[in-house]
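Written below as structure tokens is the structure these notes are about.
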There are 2 protein chains.
Amino acid sequence: MTSRPGGRSARVREAVLEAVHAELTEHGYAGMTVENVAERAGVHKTTVYRRWGTVDVLIADALDHSRETGWPVPDTGTVEGDLIAIATEVADTFADPERRLVPIAIVAAALQSTRALDAKGRFYAARHAEAAQVVTRAVARGELPPQNDPVELVRLTCAPLYHRIFITGEPVDRATAALAALAALAAARAGLL
Amino acid sequence: MTSRPGGRSARVREAVLEAVHAELTEHGYAGMTVENVAERAGVHKTTVYRRWGTVDVLIADALDHSRETGWPVPDTGTVEGDLIAIATEVADTFADPERRLVPIAIVAAALQSTRALDAKGRFYAARHAEAAQVVTRAVARGELPPQNDPVELVRLTCAPLYHRIFITGEPVDRATAALAALAALAAARAGLL
DNA sequence: ACTCTAACGCAACACGAGTCGCGTTAGGAG
DNA sequence: CTCCTAACGCGACTCGTGTTGCGTTAGAGT
């Protein structure tokens with residue numbers, strides 16, 4: 001009888017993590033407070049402080065929790081189509097003024113606490129591993145040479161988009177997404193991965 | 001007589017911005033405080049609060065100030081060598097446990113304030129414009145087709161490195177730096193940029 | 001050399017995030 | 001159904017960040 005995962009604790013966690021998501025898409029990372037999250041969840045602030053402690057840990061837990069729900073991997077018939085679809089989804093996410101706040105907050109939180117850093121690593125590792133299916137299928141179809149690292153091709157596809165968002169600050173549209181996919185494919189076809 | 005840039009104000013700014021750099025490489029972004037910067041600079045905290053206001057603005061101003069000093073563009077004789085040199089410098093910066101804290105702090109600050117976001121944009125735009133010389137030279141030598149965007153090739157070279165650091169969390173060594181340069185070159189030679 | 005004022009130093013203050021002690025509630029065990 | 005305790009609610013408290021008012025200093029103009 002050391003823990004009691006069922007019942008109230010589970011309800012509180014669900015409510016708090018949902019409040020985290022809501023507060024994030026509303027005020028962004030900078031405007032997010034433990035107290036606001038607690039109030040929105042209908043829970044006292046000490047409860048949140050005791051179970052999570054900081055905003056970054058809240059985001060980290062929400063991230064771990066979201067990882068439980070699956071993610072639809074595209075299957076257009078060609079690697080090119082699949083990679084463009086993956087890149088386009090990233091671009092669309094960051095084009096939405098509300099949805100973009102979530103991944104931005106994740107990166108911000110990861111820069112503040114080790115807990116969030118680890119959660120972010122797990123999240124993207126899982127996502128990229130899932131997405132790498134499109135490359136594995138392509139290799140099986142003979143579209144790509146088998147020496148390529150599937151996950152690395154996915155990462156190379158996403159890299160220019162995240163680079164624009166977090167480093168150069170340039171806008172990311174679907175054209176740049178498609179270009180990123182094609183550039184990554186060029187490297188893969190050259191057998192560099 | 002609205003401003004007085006010479007004399008004391010200039011000395012204070014110099015001392016404060018140097019203190020910002022020192023505090024950053026010592027405690028990182030998370031452990032940086034306005035008060036600590038003020039004390040290290042030998043200045044009262046109200047002075048810093050009045051002229052800058054927040055940590056993010058301090059970092060933004062330090063970034064704008066650092067942009068005044070030039071940056072040595074590599075010239076190895078080939079685009080391949082030049083791009084690898086650029087990528088290697090990025091990798092080396094993030095391999096150093098102290099130096100890496102500076103660009104990390106810049107990204108973190110840019111996620112908090114618009115002022116820092118703009119400063120970061122200006123900084124990387126200037127850097128990439130300078131680095132693009134290696135591509136311009138390569139096109140002049142006939143190494144690359146002229147339809148390529150010089151700056152875009154530089155960005156494509158750096159993108160996988162920053163992606164590893166800020167998104168996936170994987171380590172960045174010189175091998176990955178060289179690979180990133182070659183992958184970007186493959187896309188450029190395919191005429192995709 | 002004299003004046004004027006922008007910028008700085010100083011101390012006291014206001015405010016909000018985070019903590020602590022204690023009483024209360026709910027849910028698992030027998 | 002009853003007991004027991006982990007988890008929550010509540011209010012008071014601490015403490016550090018950032019602010020304000022005022023006196024002082026230094027440097028630019030004449």
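Residue numbers begin at 1 in each chain, while the letters A, B, ... track the order of the sequences. Just so you know, these numbers come straight off a predicted model, no measurement behind them.
Set against D:dG9, D:dT19, C:dA17, the side chain of B:Thr46 has D:dT19 as its closest nucleotide. Ranking C:dC8, C:dG9, D:dC8 by closeness to the A:Val12 side chain, first place goes to D:dC8.
The shortest side-chain heavy-atom distance between A:Leu156 and A:Leu185 does not fall under the 4.5 Å cut-off. A heavy-atom distance below 4.5 Å is not found between the side chains of A:Ser66 and A:Trp71.
Rounded to whole angstrom, the span from the CZ atom of B:Arg13 across to the C1' atom of C:dA6 amounts to 17 Å. Taking atom CD of residue B:Glu39 and atom C1' of nucleotide D:dG16, one finds them 14 Å apart after rounding to whole Å. In this structure, B:Glu35 atom CD and D:dC15 atom P are separated by 15 Å, rounded to whole Å. The CH2 atom of A:Trp52 sits 18 Å away from the C1' atom of C:dT19 (whole-angstrom rounding).
Note on A:Asp82 versus A:Arg137: salt bridge recorded, some NZ/NE/NH1/NH2 to OD/OE distance being below 4.0 Å. Salt bridge annotation for B:Asp61-B:Arg13: present, with a cationic side-chain nitrogen under 4.0 angstrom from a carboxylate oxygen. The residues B:Glu152 and B:Arg155 are annotated as salt-bridged, a charged nitrogen and a carboxylate oxygen being separated by less than 4.0 angstrom.
Non-hydrogen atoms lying under 4.0 Å from DNA chain D are contributed by nothing in residues 55-65 of chain A.
For the pair A:Lys45 and B:His44, both in contact range of DNA chain C, the more 5′-proximal nearest nucleotide belongs to B:His44.
For B:Ser9, no side-chain nitrogen or oxygen approaches OP1 or OP2 of C:dA7 to under 4.0 Å. Contact annotation: A:Arg51 side-chain N/O to D:dC8 OP1/OP2 distance is under 4.0 Å. The shortest distance between the side-chain N/O atoms of A:Arg11 and the OP1/OP2 oxygens of C:dG27 is below 4.0 Å. Distances shorter than 4.0 Å separate some side-chain N or O of A:Tyr49 from OP1 or OP2 on C:dG18.
B:Glu35 and B:Thr33 share no side-chain donor-acceptor pair at under 3.5 Å. Defined by atom type and a distance below 3.5 Å, a donor-acceptor pair is present between the side-chain atoms of B:Thr168 and B:Glu170.
With hydrogens and angles ignored, a donor-acceptor pair closer than 3.5 Å exists between the side chain of B:Arg50 and the base of C:dG9.
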